[in-house]
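In listed order, ligands and their atoms are each counted from 1.
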Amino acid sequence: MAAVSARVRFAPSPTGSLHIGNALSAVANRGFGGWMLLRIDDTDPARNVTGGQDAIVADLEWLGVRWDEGPVHQSERQERHREAAEAVGARFDGVTLLRQDGTPTYHLASVVDDADFGITHVIRGNDHRPNEALHARLARALGFEPPEYRHHGLILGEDGKKLSKRAEGATVQSLREAGIPAEAARAYLEELGLPAHDVHYDLARIRRLAIDALAALPDEELAARVGAPASVVPALRGARDLNEARDYADLILTAPVPVEASPETLARARELIAGGAAPKEVVREVKAVGGDLRSLRLALTGREQGPELSAVLAALPREEALRRVDASL
Ligand code: GLU
């Protein structure tokens, strides 16, 4: 397993938010190495996307994956790559190392940079397995001892092909935007570890881990992530992701428009709330007299569904709960 002296690198191309399979490589490298380089593989100008590197850095920070050196850009090391190629020429084993314009290709840049940065283990996706023999031979031809290569399974879509970047939850950014807490994404990737074979993407598993991750957040942290005051936290606890939690917070913080609701139910609820009954007691009593809980929920939140009614009552200041009941009475 992880060796303290292992030196690893995560080497994304700057094409925008990380594919979940690339994020798997990042987490696997971090878990393996004592020292990690973040290297931007920008050898192919056609694939470089404006803001692509910033998106990757934001993804890694969000996932809590830290690195020790970098970001180092391969494009800034072209002189060194050309100099290294002098020993073997512009082509090697039938593969182009230097293009017509003298710029180094991925294979040359990767092998030289892995050597120069003292990389001991290269951990990357199975799609690079075909490159292993070439990279090892090229390293030796250039006078370097090749690192150890480990290739992990890819993350597949429902169709059994490599997950499309457009598929739901396929990029780190899309998970973040879906309200998945970072801990859940990270936990999923750590669970996968270094899969020997390709695996099907399990977004349902991430969603279950999201529920656990939210449950583990202290009140203040949950409130901060939602951008709401800590007083609303009771109403956020049943939310399955941060977007749902934000939605629940809005229900508490914004008074609904008054609704048509059972006056008997609202009158009874009003009595109980004004009398200082605890939230659970209010719900129990209204239910006991055959009251219409849907009416009470509508009056308090304007919605048919949402957090538990007692949680809504716990999150609303008493005067505000009374105002909302009165508005619909
Ligand atoms: N830029 C390559 C990729 O993202 C890196 C492959 C490697 O790790 O050597 O697939």
Side-chain angles (χ1 to χ4, degrees), residues 6-33 35-49 51-60 63 65 67-78 81 84 92-93 95-97 99 103-140 142 144-156 161-165 170-173 189 194-195 198:
R7 290 171 66 92
V8 297
R9 85 309 194 266
F10 175 54
S13 305
T15 55
S17 181
L18 294 172
H19 183 275
I20 190 72
N22 276 101
L24 175 66
S25 294
V27 168
N29 272 291
R30 179 64 292 169
F32 190 87
W35 180 94
M36 183 165 108
L37 168 70
L38 174 60
R39 189 177 77 205
I40 303 297
D41 273 14
D42 55 354
T43 48
D44 183 356
R47 292 190 67 215
N48 298 348
V49 169
Q53 177 184 323
D54 292 344
I56 291 167
V57 166
D59 288 350
L60 292 174
L63 282 169
V65 172
W67 58 94
D68 301 282
E69 191 174 332
V72 166
H73 301 93
Q74 290 196 313
S75 60
E76 286 163 17
R77 295 178 36 81
Q78 294 190 357
H81 300 148
F92 177 84
D93 264 17
V95 167
T96 302
L97 301 183
R99 299 186 189 92
T103 56
T105 61
Y106 157 72
H107 299 296
L108 174 64
S110 262
V111 167
V112 172
D113 289 348
D114 287 345
D116 284 0
F117 286 87
I119 300 302
T120 59
H121 295 78
V122 166
I123 297 167
R124 59 189 177 187
N126 253 339
D127 45 346
H128 286 286
R129 195 182 287 278
N131 293 329
E132 174 174 349
L134 169 71
H135 288 185
R137 271 199 301 275
L138 180 56
R140 289 204 173 90
L142 294 171
F144 310 127
E145 184 55 31
E148 203 179 297
Y149 297 94
R150 301 202 183 180
H151 296 98
H152 62 75
L154 303 182
I155 298 184
L156 308 179
K161 299 198 187 109
K162 183 179 165 189
L163 183 71
S164 156
K165 233 181 163 178
T171 63
V172 171
Q173 185 184 336
L189 296 171
L194 271 180
D198 295 350

Give me the nearest non-hydrogen protein atom to [atom] as residue plus atom name, then the distance to 0.1 Å.
atom: atom 8 (O) of ligand 1; answer: Arg9 NH1, 2.7 Å
atom: atom 2 (C) of ligand 1; answer: Ala11 O, 3.4 Å
atom: atom 10 (O) of ligand 1; answer: His128 NE2, 2.7 Å

### Query
Per the ring-ring contact (aromatic ring centres under 6.0 Å, His included) rule, which among Phe32, Tyr149, Phe10 passes with His121?
Phe32
### Query
Would you say Tyr106 has any N or O atom under 3.5 Å from an N or O of ligand 1, going by distance alone?
yes
### Task
Consider every N or O of Pro12 and every N or O of ligand 1, then say whether any pair is closer than 3.5 Å.
no
### ligand 1 contacted by His135 (non-hydrogen, < 4.0 Å)
no
[X] with [Y]: basic N within carboxylate O range, under 4.0 Å:
X: Arg39; Y: Glu69; value: no
X: Arg30; Y: Asp68; value: yes
X: Asp116; Y: Arg77; value: yes

In ligand 1, which numbered atoms sit nearer than 4.0 Å to a non-hydrogen atom of [X]?
X: Asn22; value: 4 (O)
X: Ser13; value: 1 (N), 4 (O)
X: Asp41; value: 1 (N), 2 (C), 5 (C)

### Message
Is there a salt bridge (Lys or Arg N to Asp or Glu O under 4.0 Å) between Arg129 and Asp127? Walk through the geometry before answering.
### Response
CA-CA 6 Å; Arg129 195 182 287 278; Asp127 45 346; over 6 Å; no
### Message
Heavy atoms only, cut-off 4.0 Å: how does Asp127 contact ligand 1, side chain, backbone, both, or neither?
### Response
neither
### Query
Would you call the rings of His135 and His107 parallel, tilted or perpendicular, where under 30° means parallel and over 60° means perpendicular?
perpendicular
### Message
The test is side-chain hydrogen bond (donor to acceptor under 3.5 Å, both in side chains); show your working for Asp42 and Ser75 and say whether it passes.
### Response
CA-CA 6 Å; Asp42 55 354; Ser75 60; 2.7 Å; yes
